[in-house]
Number of protein chains: 2
Amino acid sequence: MSETKDRPYHHGDLRRALIDTALDMLATDQNWAFTLREVARRTGVSHAAPYKHFRDREMLLRELARIGFVRLGENMTEAMSLGLPSTRAQFMAAAQACIGFACQNPGLYRLMFSSDADKTIDPSLHDAAMKTFGILLGLLERGQRDGSFRPVAVSALAAAGWAQVHGLAMLAISHQLLEEKVGSTPVPAALDVLLDGMCCTD
Amino acid sequence: MSETKDRPYHHGDLRRALIDTALDMLATDQNWAFTLREVARRTGVSHAAPYKHFRDREMLLRELARIGFVRLGENMTEAMSLGLPSTRAQFMAAAQACIGFACQNPGLYRLMFSSDADKTIDPSLHDAAMKTFGILLGLLERGQRDGSFRPVAVSALAAAGWAQVHGLAMLAISHQLLEEKVGSTPVPAALDVLLDGMCCTD
DNA sequence: CTGCATAAGTTTCTCCTGTAAACATGGAGG
DNA sequence: CCTCCATGTTTACAGGAGAAACTTATGCAG
């Protein structure tokens, strides 16, 4: 009973606790049918308690998705900050970070792009998604300035790059990247094909 | 009461009717929370009747997904058979057919790649998905033979092409292809970038 | 220090879903 | 014609979303 979070009030920071529990279960239970009541149960509160912090189940889902975008952005930024020599290598690293994130958090990643996480409802979710996308966009713009990427419309590079990364991530967590169809290392292979189309020097 | 389907027996072909109803609702209600009882209701039977034709709700979902892959394959094949001059143009057409299918059937498309449509459970679903993917693969192989596509591992082209198309489709139906970020025609723009990396002559 | 207003949690209730079991029916084959 | 079985229907039960009423413990006013 001192510093950390010894439930100074009824529960303490239940909102945060609920989110943590949900993220845990999302990460653990592979593909879990999200249930508010089970989140409450595992957090140790009554099934109605979450409604004091989230209007409904989807509001919690949107918050989880928002956090997912933030974390994904952190992962990608970190991968880009490894001091890799070329912009192309940095793009490759960021892409693989994104796909790795999806594979380690399939439930969360699916949620982030599901219709439950409706970005037209929650501006902060929309902003988080766009900000993470902006990381990619920034890398592409930089690469174009330094002459790595072809001088086509940056929006075309962005759409292509984003779609490629997202598509690989989705296919990976759907277990559809079978070796007999797409080879043993589909992710770098596919990214290389795309990068050949994006880069000036190939 | 004559030719079409005047319920000659208890209902007639209830299995088919349930599937049709579900596909209808999936196409109509944009993003609809699938409910067996509502499918039964709209089909005009009791809520337990579907269980005579599908072990559980997920079995119906998998069947819907399977049909989705078949239809998607038909759409892509049709687009490729328009007599377009180059293999590149045919790839572009097939890709746009896929993305168009997703936009016209967002619910079905999401289902096809959701964890509800578990391809490790139902071999016929898995086969349907792989067969549709095979259409793309066939096009790539042909394009490589006729010298349109670069002589890299075809599996790399396949992974890149598939991911690109699927990624664009998912982003499109998630309303994340905003004009201010990816331009006004992101789909052909992105596909062109990829194709520049796939094709010999650019 | 006392006591109240209020945020945060709990109980209870209603409606809905998935699914199982028991019951009904009507068409096909002996 | 009669019986069987596939294909329905009814009934029942567990579990989830969410609303409403009730409870409790803080923070603050006096």
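In what follows, chains carry the letters A, B, and so on, assigned in the order in which the sequence lines appear, proteins first and then strands, with residues in each chain numbered from 1.
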Seminar exercise, completed: Rounded to 10°, the helix from C/dC1-D/dG30 to C/dG30-D/dC1 deviates from straight, judged by its five-pair end axes, by 10°

For this session: Answer yes or no: is there a donor N or O on one side and an acceptor on the other, between the side chain of A/R150 and the main chain of B/V193, under 3.5 Å?
Result: no

Problem set entry | DNA chain C-proximal residues of residues 106-121 of chain B, any heavy atom under 4.0 Å | none

Seminar exercise, completed: In short, salt bridge (charged side-chain N to carboxylate O under 4.0 Å, His left out) pairs touching residues 25-40 of chain A with sequence neighbours left out are A/E38-A/R42

Exercise. Sequence neighbours excluded, which residues qualify as side chain to side chain donor-acceptor pair (under 3.5 Å) partners of A/T43?
Worked result: A/T21

Seminar exercise, completed: By salt bridge (charged side-chain N to carboxylate O under 4.0 Å, His left out), A/D122 pairs with (sequence neighbours left out) none

Exercise. Does B/H53 place a side-chain N or O at less than 4.0 Å from the phosphate oxygens OP1/OP2 of D/dA6?
Worked result: no

Exercise. What residues, two or more places apart in sequence or in another chain, satisfy side chain to side chain contact (heavy atoms under 4.5 Å, CB included) together with A/A40?
Worked result: A/V45, A/P50

Exercise. Just by protein heavy atoms under 4.0 Å, how would nucleotides 14-21 of chain C read 5' to 3' in B, S and -?
Worked result: ---BBB--

Seminar exercise, completed: Contacts of B/R71 meeting side chain to side chain donor-acceptor pair (under 3.5 Å) (sequence neighbours excluded), chain-then-number -> none

For this session: Could I get the full list of side chain to side chain donor-acceptor pair (under 3.5 Å) partners for B/E63, not counting sequence neighbours?
Result: B/R66

For this session: Could you state the atom-to-atom distance from NZ of A/K52 to P of D/dA17 in whole Å?
Result: 17 Å

For this session: Report the distance from atom CZ of B/R15 to atom P of D/dG8, rounded to the nearest whole Å.
Result: 12 Å

Problem set entry | salt bridge (charged side-chain N to carboxylate O under 4.0 Å, His left out) contacts touching residues 171-181 of chain B (sequence neighbours left out) | none

For this session: Taking ring pair (Phe, Tyr, Trp, His ring centres under 6.0 Å) as the test, write out the residues that go with B/F149, two or more places apart.
Result: none

For this session: Identify, with sequence neighbours excluded, every residue that meets ring pair (Phe, Tyr, Trp, His ring centres under 6.0 Å) alongside B/F133.
Result: B/W162

